[in-house]
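As the structure lists them, so they are numbered: ligands from 1, and atoms in each ligand from 1.
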Amino acid sequence: MRSVIDKLAQTSNLTDEEFALLLEELSEEDSEYLFAAARSVREREYGKDVYLRGLIEFTNYCKNNCYYCGIRCGNANAQRYRLTEDQILSCCEQGYALGFRTFVLQGGEDPYYTDDRMVPLVAEIRKRFPDCAITLSIGERSRESYQALFDAGADRYLLRHETANPEHYSMLHPKELSIQNRKECLFTLREIGYQIGAGMMVGAPGQTTAYLIEDLRFLQDLQPHMIGIGPFLPHKDTPFKDEPRGSYHLTLQLLSILRLMFPKVLLPATTALGTIHPLGREKGILAGANVVMPNLSPTNVRGKYLLYDGKICTGDEAAECHGCMEKRMERIGYQVVTSRGDAKIK
Ligand code: SAM
Ligand code: FES
């Protein structure tokens, strides 16, 4: 197994059979070897720096009905909210004072946020925070809309592909949604000039090793700047409420595999990873991740942006989350930095 890991570290690629071996047969000892290999590539490329993203969950309205997601439109128990433009700007201000230089505006696919509303909002953030990156994560839109938001000052776009396999995609989503459109959106965003982020849920219901390998091949084709992965976690008001959670260990192994495949990519240790294990984010960093995304949303709405059960940090103020993350990273010998944290990729 170690020779396979060495090959991945040296060539950033493996055959499907070798990937399958890594994903299915890794012993605990060999996992440590894999984590160490990924860590050394991460430290070569990014040192011990951890980039911060301030996450602003600005709407939990969504017109989609993804089977795994707690804010799907079919969940009548979700308490819906939208932040006002003033509230969003004040999250940015608070975040800026704490040292954040990237703001991630994330939300459901909320039809209220037409371009007429989103474009001026992005332009205002761009004007007030010229040295910050603006990341959007608001789902599938038209090319014209992506272009208008880019022209208004958005730099980056997160749109996880969720799963690259069409059959698997249709097991996770209603028929109105297609992997073809999702992939097209990603290539369009890239063409427009965004730094793009894709990624999958680890252990989503129905996932197989073969599907995960398809995800890795799709990512090789797309060459994103960021790859967001986290374990699937069930939400009590979704069709997948009784499905088992994704594997913590497999998520860590995949983070390391991704670091070795894409040495310069931005790789977050996600909230879902911190939810499945109390030290998940620290372990994620030690497995090769280099980004954390503390929450900047106002405390009174945090408990409403529930994609899955048990989400962490729903009661904390932005400053508490920031301080907590600083300490967590220091404890493992890393430091959060005040910088936009762009990928070292063209
Ligand atoms: N609406 C935007 C979109 O579709 O890209 C952004 C918001 S969406 C809630 C953000 C991500 O949350 C999804 O891409 C998905 O991977 C993740 N997610 C949703 N439900 C989840 C669950 N039950 N467990 C883990 N991750 C989940
Ligand atoms: Fe729309 Fe989850 S179903 S954000």
**Message:** Tell me whether K311 at atom NZ has more than 12 heavy atoms from other residues, nucleotides or ligands lying less than 6.0 Å away.
**Reply:** yes

**Any S137 heavy atom less than 4.0 Å from ligand 1** = yes

**Asked** Out of E243, K63, M201, K241, whose heavy atom is nearest to atom 26 (N) of ligand 1?
**Response** M201

**Message:** So if I count the atoms of ligand 1 from 1 in the order they appear, which ones are less than 4.0 Å from some heavy atom of Y308?
**Reply:** 22 (C), 23 (N), 24 (N), 25 (C)

**Fill in**
Note: heavy atom closest to atom 4 (O) of ligand 1, options E162, E140, R182, H161, belongs to R182

**Item:** Residue part near ligand 1, for Y305, under 4.0 Å between non-hydrogen atoms
**Value:** side chain

**Asked** Is there any N or O on H235 that sits under 3.5 Å from an N or O of ligand 1?
**Response** no

**Prompt:** Of all the heavy atoms in G107, does at least one lie under 4.0 Å from an atom in ligand 1?
**Reply:** yes

**Asked** Relative to the heavy atoms of R160, which atoms of ligand 1 are at a distance of less than 4.0 Å?
**Response** 14 (O), 15 (C), 16 (O), 17 (C)

**Request:** Could you list who else is in M226's hydrophobic cluster, with ILVMFWY side chains joined at under 4.5 Å, directly or through other members?
**Result:** Y46, Y51, L55, V104, L158, L266, V291, M293, V337

**Asked** Any non-hydrogen atom of P231 lying under 4.0 Å from ligand 1?
**Response** yes

**Message:** Hydrogens and angles aside, do T163 and N165 bring a side-chain donor and acceptor to less than 3.5 Å of each other?
**Reply:** no

**Request:** Establish, yes or no, whether the cationic atom of R101 lies under 6.0 Å from the six-membered ring centre of Y96 and within 45° of the ring axis.
**Result:** yes

**Prompt:** Is it true that R302 and D316 make a salt bridge, defined as a side-chain N closer than 4.0 Å to a carboxylate O?
**Reply:** no

**Fill in**
side-chain hydrogen bond (donor to acceptor under 3.5 Å, both in side chains) filter on K264, not counting sequence neighbours, yields E45

**Asked** Between D115 and Y146, do the side chains contain an N or O donor and an N or O acceptor separated by less than 3.5 Å?
**Response** no

